[in-house]
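A short write-up of the structure that comes next.
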Amino acid sequence: MSALTDGRGGLLSDLSSAPTRTHASTIAGTSVFRETAALLEEDDKITFTTARELRKRLQKVVKEMDKSQKPHRLKERTHRLLVQGATEQAIDDSIATIPFRRILRVWYEDHTSDVALPASAIITIFPGREHEVVSRQLLIQIVLKVAAIAGHDGNSIFGVGSARFGTAASGGGRRSKEGDEGISCSTRSGAEWPNVMIEVGYSEPLRMLRMDAKWWLLNSGGRTKMVIIALIGTDPNKLHFEIWEDKPNPNPRTRHSPPTIPMVTNTVDIDESGVVSPASAAITIPYYSLFDVQNPNAMDITFTTAELADFALKIFAHI
């Protein structure tokens with residue numbers, strides 16, 4: 001089966017090489033979508049009727065975002081819309097030519113044997129500039145750090161942008177998701193899941209981004225080793241980071257419990273003045289997470305407290 005695209009030229013992971021998950025992990029993957037859908041306001045849950053009606057609804061959301069300019073920036077936020085009763089192809093066809101397709105992210109779930117959860121998509125709409133500045137700058141800084149490692153250069157890793165990756169869903173069907181900025185090592189083929197995923201939110205509930213992080217770790221079959229969450233806040237400016245990784249399950253209740261579960265392993269906050277909390281906080285990306293191999297002679301990538309403060313202040317200056 002050949003790799004597909006996401007309607008914008010982004011790569012869609014080939015199902016023929018989709019990772020194998022335990023039954024418990026597959027159930028958990030389904031639960032993440034359900035939980036996220038349940039968190040949305042009722043007004044943000046719609047049933048698909050026609051492509052035209054979906055486009056009109058998305059245009060309405062974007063129009064409201066455009067109205068939310070200074071001094072009313074608190075109205076701006078990442079927005080999520082649940083669209084029920086549509087195939088993945090129907091969603092893609094509906095938004096493929098929409099002028100603001102680049103600010104949309106599609107998360108799709110289809111369970112052919114589950115009548116309680118019809119084929120559905122959560123479409124994320126983000127404000128644009130603020131969102132993209134953070135994800136793109138994070139990628140650039142990681143590339144610069146990699147290029148400084150002996151034996152590596154800027155081509156040792158590559159960004160896969162918001163390409164869509166998918167896998168089979170329990171009971172038939174499939175699930176797929178577009179992230180904000182995926183990072184893969186050069187030894188992985190284009191259709192493989194990213195090593196590291198960056199997910200960015202703008203003035204939205206943190207629990208939404210945490211659901212994003214769980215999805216990548218639960219559905220990639222261990223191929224996505226780390227998810228970096230970045231949540232931008234305004235009035236005053238602030239930046240919140242969380243690092244999510246698969247870690248040993250501290251409370252396996254039955255023999256069917258997954259051996260590992262997604263967990264937050266690091267949290268960093270930076271305020272409008274560049275004060276980092278905790279005071280000595282740093283973010284480390286293990287060499288193995290980026291390159292799939294251990295190298296005792298290579299250093300992990302680390303962003304120091306000072307580097308995090310500088311990063312945040314430069315972001316605040318551009319949003």
Side-chain angles (χ1 to χ4, degrees), residues 1-8 10-40 44-51 53-54 57-58 80-96 101 104-124 160 162-179 182 190-194 197 199 208 210-224 227 246 256-258 261-262:
M1 181 184 297
S2 59
L4 304 176
T5 62
D6 64 0
R8 295 168 300 135
L11 189 65
L12 176 63
S13 181
D14 186 347
L15 279 178
S16 64
S17 58
T20 300
R21 300 295 292 177
T22 65
H23 178 66
S25 296
T26 301
I27 296 295
T30 303
S31 177
V32 171
F33 186 92
R34 285 178 178 273
E35 289 176 40
T36 305
L39 291 172
L40 299 177
D44 289 326
K45 301 175 182 179
I46 65 173
T47 298
F48 181 84
T49 53
T50 66
E53 288 301 312
L54 177 56
R57 181 56 183 268
L58 291 170
R80 303 193 187 216
L81 184 71
L82 175 67
V83 183
Q84 303 178 83
T87 65
E88 189 170 18
Q89 190 63 55
I91 295 291
D92 285 341
D93 290 346
S94 299
I95 65 176
R101 175 62 178 92
L104 306 181
R105 300 289 183 268
V106 177
W107 176 2
Y108 186 77
E109 196 91 7
D110 177 19
H111 301 272
T112 57
S113 63
D114 190 349
V115 295
L117 183 67
S120 302
I122 295 174
I123 301 178
T124 301
V160 299
S162 57
R164 187 181 306 172
F165 295 86
T167 188
S170 59
R174 63 170 275 112
R175 60 170 61 103
S176 62
K177 195 176 191 308
E178 297 169 359
E192 288 194 71
W193 292 72
M197 177 57 67
E199 290 279 15
M208 294 292 192
R210 288 172 172 167
M211 292 295 181
D212 292 332
K214 290 177 183 179
W215 190 92
W216 290 104
L217 296 172
L218 285 167
N219 288 286
S220 66
R223 296 298 281 162
T224 297
V227 181
D246 263 337
H256 297 296
S257 297
I261 59 173

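Residue numbers run from 1 in the order of the sequence given.
- Here Lys45 contributes atom NZ and Arg80 contributes atom CZ; the two are 14.0 Å apart, rounded to the nearest 0.5 Å.
- There is no side-chain donor-acceptor pair under 3.5 Å between Glu53 and Thr49.
- Contact check for Ile123 versus Leu82: no side-chain heavy atoms found under the 4.5 Å cut-off.
- Closest approach of Gly85 to Phe48, counting heavy atoms only: O-CB, 4.0 Å.
- Under the 4.0 Å criterion applied to side-chain N and carboxylate O atoms, Arg164 and Glu88 are assigned as salt-bridge partners.
- Taking all atoms of both residues into account, the shortest heavy-atom contact from Thr87 to Tyr108 is CA-OH, 3.1 Å.
- For the atom pair CG (Asn219) and CH2 (Trp193), the distance works out to 5.5 Å, reported to the nearest 0.5 Å.
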Could you give me the CA-CA distance, side-chain angles and deciding distance for Ser120 and Val83, then say whether side-chain contact (heavy atoms from CB on, under 4.5 Å) is met? CA-CA 6 Å; Ser120 302; Val83 183; over 6 Å; no
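- Residues Leu218 and Arg175 fail the side-chain proximity criterion, which asks for heavy atoms closer than 4.5 Å.
- To the nearest 0.5 Å, the span separating CE on Met208 from CD1 on Ile122 amounts to 7.5 Å.
- Closest approach of Leu217 and Asp246 over heavy atoms only: O-OD2, 3.5 Å.
- Side chain of Gln84 to backbone of Thr47: no donor-acceptor contact under 3.5 angstrom is found.
- Note: Asp92 CG to Ser176 OG = 8.0 Å, rounded to the nearest 0.5 Å.
- A salt bridge links Glu199 with Lys177: the closest approach of a Lys/Arg side-chain nitrogen to an acidic carboxylate oxygen falls below 4.0 angstrom.
- Atom-to-atom distance recorded for Leu81:CG and Leu58:CG is 6.0 Å, nearest 0.5 angstrom.
- A salt bridge does not link Asp212 with Arg105: none of the charged nitrogens is closer than 4.0 Å to a carboxylate oxygen.
- Trp215 and Phe33 have their aromatic ring centers separated by at least 6.0 angstrom.
- A donor-acceptor pair under 3.5 Å links the side-chain atoms of Arg101 to the main chain of Leu104, judged by distance alone.
- The two residues Ala51 and Ser94 come nearest to each other via the heavy atoms CB-OG, 3.2 Å.
- Taking CZ of Phe165 as the start and OG1 of Thr224 as the end, the distance is 7.5 Å to the nearest 0.5 Å.
- Residues Gly166 and Arg174 share a closest heavy-atom pair of CA-NH2, 3.4 Å.
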Stepwise side-chain contact (heavy atoms from CB on, under 4.5 Å) check, Met211 with Leu39: CA-CA 10 Å; Met211 292 295 181; Leu39 291 172; 4.3 Å; yes
